[in-house]
Amino acid sequence: FDNYPLAIMVVRTDDVELIEDMFSRLNEAMPLNAAEKRNAFGGPLPPLIRKLAEQPFFKTKLPFKNNRYRHFDLACKFLYLCHTKSPTDTKKVKLDEFVKCFQQSKDLTTAKKLDAEVKKTIAAMTKVFTAKDYLLKNIGTLVAYFLIFREAALKGELRKIARKRFVEFETAR
């Protein structure tokens, strides 16, 4: 027993939620989710995803926190949608392939272009949505809003987008 080496990890943070989450997961043997695993991939995308999740849109407009890297997952979806240039499947397998593709190619130029496009789109979204906006609580709807804003930006029609119309649609839905 005295000769058995123990693996000891030290995590230093002031984030009480992170500490509590890690404690629960370690004690309940809870596996990592897709976004948490993706965050550990190499290449240019994971750092960009982390930085994107620090943008004001994620911090102030979303009505949910980054628990279990929900913001990271959303940022990855936004990058992927800009990469595919159209609405597409954003399931785990596709997002993992996307991040791994950049990991292998190390294409920093394209990654930075995607990052700039996402930042431009969420900057426009930040102007329309309110703090902790209830319209953004559903990930599927949030992704649809992102696509609407992206398309409007490409066509130079962002001025036509108003929160009021989203509220009316949500009420009707």
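All values below come from the heavy atoms of this structure, side chains included, with hydrogens, waters and symmetry mates left out. Everything quoted here is computed from the prediction, not taken from an experiment. Position 1 is the first residue of the sequence, and the numbers go up from there.
Among residue pairs with one or both ends in residues 42-64, those qualifying as side-chain hydrogen bond (donor to acceptor under 3.5 Å, both in side chains) are N39-R50; sequence neighbours excluded. Among residue pairs with one or both ends in residues 76-92, those qualifying as side-chain hydrogen bond (donor to acceptor under 3.5 Å, both in side chains) are K92-D96; sequence neighbours excluded.
Counting heavy atoms from C-beta on, the side chains of L45 and C76 never come closer than 4.5 Å. Proximity of V99 to P46: side-chain heavy atoms (C-beta onward) are separated by under 4.5 Å at one or more points. Put simply, the side chain of V118 does not reach to within 4.5 Å of the side chain of L48, judged on heavy atoms. By the 4.5 Å heavy-atom criterion applied to side chains, F149 and V128 are counted as neighbours. Looking at F102 and L114, their side chains come closer than 4.5 Å, going by heavy atoms from C-beta outward. Side chains of F169 and L135 form no contact here, defined as non-hydrogen atoms less than 4.5 Å apart. In this structure the side chain of F78 reaches within 4.5 angstrom of the side chain of L74, judged on heavy atoms. A heavy-atom distance below 4.5 Å is found between the side chains of F41 and K100.
Partners of K119 according to the salt bridge (charged side-chain N to carboxylate O under 4.0 Å, His left out) rule, which considers only residues two or more places apart in sequence or in another chain, are D115. Contacts of E157 classified as salt bridge (charged side-chain N to carboxylate O under 4.0 Å, His left out), with partners at least two apart in sequence or in another chain: K160. For F58, the ring-ring contact (aromatic ring centres under 6.0 Å, His included) test picks out H71, with sequence neighbours left out. Checked against side-chain hydrogen bond (donor to acceptor under 3.5 Å, both in side chains), T110 has the following partners two or more places apart in sequence or in another chain: D107. With sequence neighbours excluded, no residue forms a salt bridge (charged side-chain N to carboxylate O under 4.0 Å, His left out) with R159. Taking the side-chain hydrogen bond (donor to acceptor under 3.5 Å, both in side chains) definition, one finds that N138 meets it with T141, sequence neighbours left out. Qualifying side-chain hydrogen bond (donor to acceptor under 3.5 Å, both in side chains) partners for R165, counting only residues two or more places apart in sequence or in other chains: none. Evaluation of the ring-ring contact (aromatic ring centres under 6.0 Å, His included) rule for Y145 yields F129, F166 as partners, not counting sequence neighbours. Taking F57 as the reference, nothing meets the ring-ring contact (aromatic ring centres under 6.0 Å, His included) condition, with sequence neighbours excluded. Listed by chain and residue number, E17 satisfy the side-chain hydrogen bond (donor to acceptor under 3.5 Å, both in side chains) test with K65 (two or more places apart in sequence, or in another chain).
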(message) Evaluate E170 against R173 for salt bridge (Lys or Arg N to Asp or Glu O under 4.0 Å), listing each step before the verdict.
(response) CA-CA 5 Å; E170 185 64 25; R173 189 174 71 85; 2.9 Å; yes
(request) Could you check R163 against D133 for side chain to side chain contact (heavy atoms under 4.5 Å, CB included), going step by step and ending with a plain yes or no? (result) CA-CA 10 Å; R163 185 178 184 282; D133 202 322; 2.8 Å; yes
(message) E151 vs K155, test: salt bridge (Lys or Arg N to Asp or Glu O under 4.0 Å). Steps then yes/no.
(response) CA-CA 6 Å; E151 189 67 24; K155 292 180 177 180; 3.6 Å; yes
(message) Please determine whether side chain to side chain contact (heavy atoms under 4.5 Å, CB included) holds for the pair E97 and K94, giving the CA-CA distance in whole Å, both sets of side-chain angles, and the decisive distance to 0.1 Å.
(response) CA-CA 5 Å; E97 285 174 5; K94 296 290 186 180; 4.2 Å; yes
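Note that CG of L147 and CG of L81 are 5.0 Å apart. Values are rounded to the nearest 0.5 Å. Taken from CD1 in I122 to CE in M125, the straight-line distance is 8.0 Å, to the nearest 0.5 Å. If you take CG on L95 and CG on D73, they are separated by 6.0 Å, rounding to the nearest 0.5 Å.
I148 and L136 fall within the same hydrophobic cluster, where Ile, Leu, Val, Met, Phe, Trp and Tyr residues are linked whenever their side-chain heavy atoms come under 4.5 Å apart, directly or through other members. No path of Ile, Leu, Val, Met, Phe, Trp and Tyr side chains, each step under 4.5 Å between heavy atoms, connects L32 with Y69, placing them in separate hydrophobic clusters. Placement of V143 and Y134 within a single hydrophobic cluster is found when ILVMFWY residues are connected by side-chain heavy-atom separations under 4.5 Å, directly or transitively.
Side chain of E36 to backbone of N33: a donor-acceptor contact under 3.5 angstrom is found.
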